[in-house]
Amino acid sequence: MSESMLSTQSGVESRRSGPVADPPQAGGAPTGRDGKSRSTKGRGTPRPAGKNRGTKGAKGGKQGSNVLAHCVLAIGGLAMISPLLYQIVMSLSTNAEVQSTPPTLWPSVVQWHNFADVFTSMNFGSQLWVTVAITVIRVIGQVLLCSMAGYAFARMQFRFKGLILAVVLSIIMVPSQLFLIPQYQIIQNLGWLNSIAGIVAPGIFSAFGLFLMRQFFMGLPDELEDAARLDGANPFQIFFRVMLPLAANGLWALVIITVLWSWNDLLWPLVVTSTANAAPLSVGLSNLQGEHANNYPILMAASLMAMAPILIMFLLMQKRVMAGIGRSGLK
Amino acid sequence: MKAQILTPASKSVRAAQAAGDRRNGKSKSDGWWPWLFVVPTVAGIGVFYLWPIVQTFYYSFTKWGVFGGTKFIGLDNYVRLFADSTIPQSILNTLIYTVVVLLGIPIAVILASLIERPGLRFAALYRTLYFIPYITMPAAVGIVWRLIYNGDFGPINWFLGLFGIQGPYWTSTPGFALLAVATVGLWMSLGFNLIIISAGLREIPRELFEAAEMDGASRVRQFFSITVPLLTPSIFFVTIVTVISGFQLFDLLYVMMGKANLAMPQTQSLVYIFYNQAFLQNDKGYAAAIGILILVIIALLTAFQFRIQKRWVNYV
């Protein structure tokens with residue numbers, strides 16, 4: 001729907017015929033075509049108002065009043081990332097500069113070696129490895145398991161389907177404190193404390209991921225599936241060759257949410273790891289405070305490197321990340 | 001990060017279910033194939049999530065020995081829960097934290113209405129800036145904020161000093177510590193609220209604003225008469241999410257304050273007490289009872305919000 005169509009005429013019309021015009025179709029990404037009516041309202045895929053851009057400007061008149069908007073947004077935006085800027089400057093300073101007042105705006109000599117020192121003064125290397133490993137394993141596990149189960153719940157018929165789905169989905173509402181103690185016992189009994197397997201195990205399975213993928217598969221058309229079935233493909237082939245590639249957008253959302261969640265997660269790894277070598281970065285950083293509490297540049301460099309991969313991922317694929325988060329009520 | 005999410009009303013799940021059945025014509029079974037797809041996930045969820053809920057419920061009636069072994073003690077843990085003076089304090093702390101973070105919602109509504117103005121330049125850049133805090137690791141960001149809040153040389157106290165104000169030791173003074181943590185919570189959640197509310201804003205038909213403008217309504221008037229009322233479903237959604245995740249407060253508190261912080265008893269959240277009892281004090285029976293309490297509080301608050309939504313949420 002292009003903005004230029006909505007000239008004064010339609011404006012007058014809609015005013016006469018009451019306030020409710022058809023909402024612009026939030027086109028593009030398939031949103032489960034059935035039954036998501038209410039939720040999509042609040043969580044529709046964010047998309048830039050690209051089409052609107054410029055048309056208003058051409059009409060003129062509004063330009064002046066956007067100055068105030070820019071002022072508010074720019075000052076606010078700067079405030080939002082100022083902790084990050086502060087962190088970057090401090091990670092390049094000496095400890096004395098960090099502790100000086102007024103605060104250092106830029107170090108007199110840039111201390112690049114702080115970043116190398118992180119690797120020698122804490123177990124950063126092994127913790128980075130653990131973090132990458134748990135993130136990759138969880139993503140692969142969830143993508144495979146959640147999409148398969150989501151597909152079956154969306155498009156296949158079997159006994160007790162509704163009941164099983166209802167039970168599984170009910171745990172989405174349950175706070176994680178209700179799983180933690182027994183989960184810890186399971187991992188302890190398996191002898192998996194302080195291991196990647198132990199950190200990863202519960203998080204491979206996700207009721208939320210299942211729900212997300214199910215909603216997505218429900219929105220796909222039947223035709224291709226029917227055609228493949230007529231060609232004699234078995235359900236496995238239909239799923240992997242036909243349906244899974246169609247679900248790319250849903251999978252992206254699942255991947256992004258899972259990456260964020262397992263990279264940043266603190267409570268569970270804190271519970272199942274007790275040695276610095278076995279811990280992921282989140283745990284390593286939060287325990288570092290005691291030992292290295294006074295070496296601020298190292299702390300800043302370490303925390304910057306810990307969040308850098310996620311920041312880079314976000315900057316490279318902003319739209320996908322925001323759309324993925326927009327689909328969930330994650331966190 | 002807590003994977004705490006909100007299902008859309010179960011009504012819509014059922015509607016979708018019915019539609020799925022219709023699509024496949026007769027609800028004819030697909031034999032044993034579906035089980036191949038479903039069993040790994042359902043079994044994993046059963047073992048790691050469903051059964052643990054049952055166990056936690058049972059544990060809340062037990063006492064754990066020092067050398068393992070549990071003893072059934074009936075309601076003793078719950079009796080202790082109601083007598084424990086740290087519990088009401090922590091509920092209050094969690095509520096204060098949640099209320100501060102909720103203040104981010106009106107801010108997000110205002111920011112979204114500015115960013116989503118048609119033809120605004122740099123809109124994508126602004127979205128990026130506001131969203132960055134949401135994706136950063138709480139453990140990493142907590143360390144940075146701890147330094148920013150530092151009582152001796154942190155930039156906040158330096159800034160206050162310019163006006164002759166002697167800033168407190170933010171993260172180790174009861175009262176201030178909670179405020180400091182909650183401000184960071186607000187800062188982190190703003191990007192998420194902004195995205196959800198922006199999406200809601202884009203679904204408001206532009207004609208409404210144009211018609212209002214022709215009638216001579218000012219932008220402020222449009223904001224309160226069109227934007228805010230039509231955004232109430234989105235606002236309701238982020239409110240629910242904020243309250244649920246507010247009651248899960250742990251990461252920021254743990255990282256910004258640390259276990260040894262003397263202000264912790266006056267600042268701790270319910271989840272922090274749970275963690276402390278379960279894994280530091282090894283009093284897992286009592287911790288299980290606290291877990292049940294968290295579940296009950298979140299369920300009550302969510303039910304309450306769904307109940308009062310009719311009074312203020314407009315579904316067009």
Side-chain angles (χ1 to χ4, degrees), chain A residues 6 11 14-15 21 23 34-35 39 41-42 44 46 52-54 56-57 69 73 77 80-81 83 87 99 101-103 145 148-149 152 156-158 168 171-172 175 177-179 181-182 202 205 207-208 235 261 264-267 271 282 285-286 289 299 303 306-307 310 314 322 326 329 331, chain B residues 1-3 5-8 12 15-16 19 27 29-30 33-34 37-38 40-41 44-45 48-49 52-53 55-56 114 118-119 124 126 129-130 135-137 139-140 143-144 153 155 158 195 198-199 203 205-207 210-211 233-234 237 241 245 250-251 255 258 274 278-279 284 291 294-295:
Chain A
L6 313 172
S14 76
R15 184 166 48 138
D34 28 35
S39 60
K41 277 232 167 70
N52 299 342
R53 201 158 292 168
K56 262 279 157 70
L73 289 171
M80 288 298 279
I81 56 155
Q87 179 187 22
Q99 301 186 42
T101 45
L145 294 173
M148 284 176 71
M156 290 173 143
Q157 298 304 324
F158 49 97
V168 166
I171 70 166
I172 293 181
Q177 291 76 40
L178 272 87
F179 322 127
I181 295 171
F205 308 100
F208 166 71
W261 172 65
N264 293 341
D265 190 24
L266 176 64
L267 184 49
V271 164
S282 57
L285 284 174
S286 56
Q289 307 219 3
L299 274 175
S303 59
M307 50 200 241
I310 297 292
F314 170 63
M322 291 202 239
K331 192 172 160 179
Chain B
M1 185 182 289
K2 300 129 283 191
I5 29 169
L6 184 85
T7 36
S12 68
S27 49
S29 171
D30 284 299
W33 275 104
F37 282 76
V38 160
T41 305
I45 288 175
F48 282 109
Y49 296 90
I53 295 175
Q55 281 179 298
T56 300
L114 294 177
Y126 291 135
L129 291 181
Y130 286 94
I135 53 157
T136 53
M137 181 191 284
I143 293 180
V144 178
F153 50 84
W158 166 77
I195 277 203
S198 285
E203 287 184 23
R206 283 249 79 83
E207 297 96 320
E210 288 172 8
S234 305
F237 175 72
V241 172
S245 56
F250 176 80
D251 294 17
V255 179
F274 166 85
F279 299 105
K284 294 194 168 61
I294 296 173
L295 174 71

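Per chain, numbering begins at 1; letters A, B, ... match sequence-line order.
Contact of B:Ser198 with chain A is not made at all, since no heavy-atom distance falls under 4.5 Å. Contacts between B:Phe274 and chain A at a heavy-atom distance below 4.5 Å involve the side chain alone, from C-beta outward.
Under the side-chain contact (heavy atoms from CB on, under 4.5 Å) criterion, A:Ala306 pairs with A:Leu281, A:Leu285, B:Met137, not counting sequence neighbours.
Exactly one residue among A:Ile172, A:Leu178, A:Ile171 makes a side chain to side chain contact (heavy atoms under 4.5 Å, CB included) with B:Tyr49. That residue is A:Ile171.
In terms of non-hydrogen atom pairs under 4.5 Å with chain B, the most contact-rich of A:Pro182, A:Ala152, A:Ala149 is A:Pro182. Chosen from A:Ile310, A:Ile181, A:Thr101, A:Leu145, the residue pairing most often with chain B at heavy-atom distances under 4.5 Å is A:Ile181.
In terms of heavy-atom proximity, B:Ala278 sits nearest to B:Lys284 at O-NZ, 3.2 Å. Minimum heavy-atom separation, B:Ala139 to B:Ile143: O-CG1, 3.4 Å.
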